[in-house]
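Report on the following structure.
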Amino acid sequence: MAVVHPTRTAHPRAATVDIAGTAWPVYKLEALAAALATGLILALITGSLQAAVLAAAAVASIRWLIGHGRG
């Protein structure tokens, strides 16, 4: 079961999700979801898995960095 709660660490406003006893920041899960959606959509549209994976990795990296910066 996943539970969302604010953390009491360096970033007091950063929410986390408890997955199997490990606290994951929400921005990391959002980055993974965005990458998955981007990869699937581009793979279906272009038919090129290489381009889809490259674009999905870029989307995930950008979302991850923005989330980490806002902390």
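The structure displayed is predicted, hence computed values, not measured ones. The figures here come from the full heavy-atom set of this structure, side chains too, leaving out hydrogens, waters and symmetry mates.
For Leu49 against Ala43, the heavy-atom pair with the smallest separation is CD2-CB, 3.9 Å. Nearest heavy atoms, Val59 versus Ala34: CG1-CB, 3.9 Å. Shown here for Ala55 and Leu42, the closest heavy-atom pair between the two residues is CB-CD1, 3.3 Å. When every heavy atom of Ala56 is checked against every heavy atom of Ala35, the shortest pair comes out as CB-O, 3.3 Å. In terms of heavy-atom proximity, Gly39 sits nearest to Ala52 at O-CB, 3.5 Å.
Leu29 is listed as a side-chain neighbour of Val17, based on a closest heavy-atom distance under 4.5 Å.
Tyr27 and His68 have tilted rings, their planes meeting at an angle from 30° to 60° on a 0 to 90° scale.
Once rounded to the nearest 0.5 Å, the distance linking OG1 of Thr46 with CD1 of Ile41 reads 11.5 Å.
Residues Leu36 and Leu32 are members of separate hydrophobic clusters, defined by side-chain heavy-atom contacts under 4.5 angstrom among Ile, Leu, Val, Met, Phe, Trp and Tyr.
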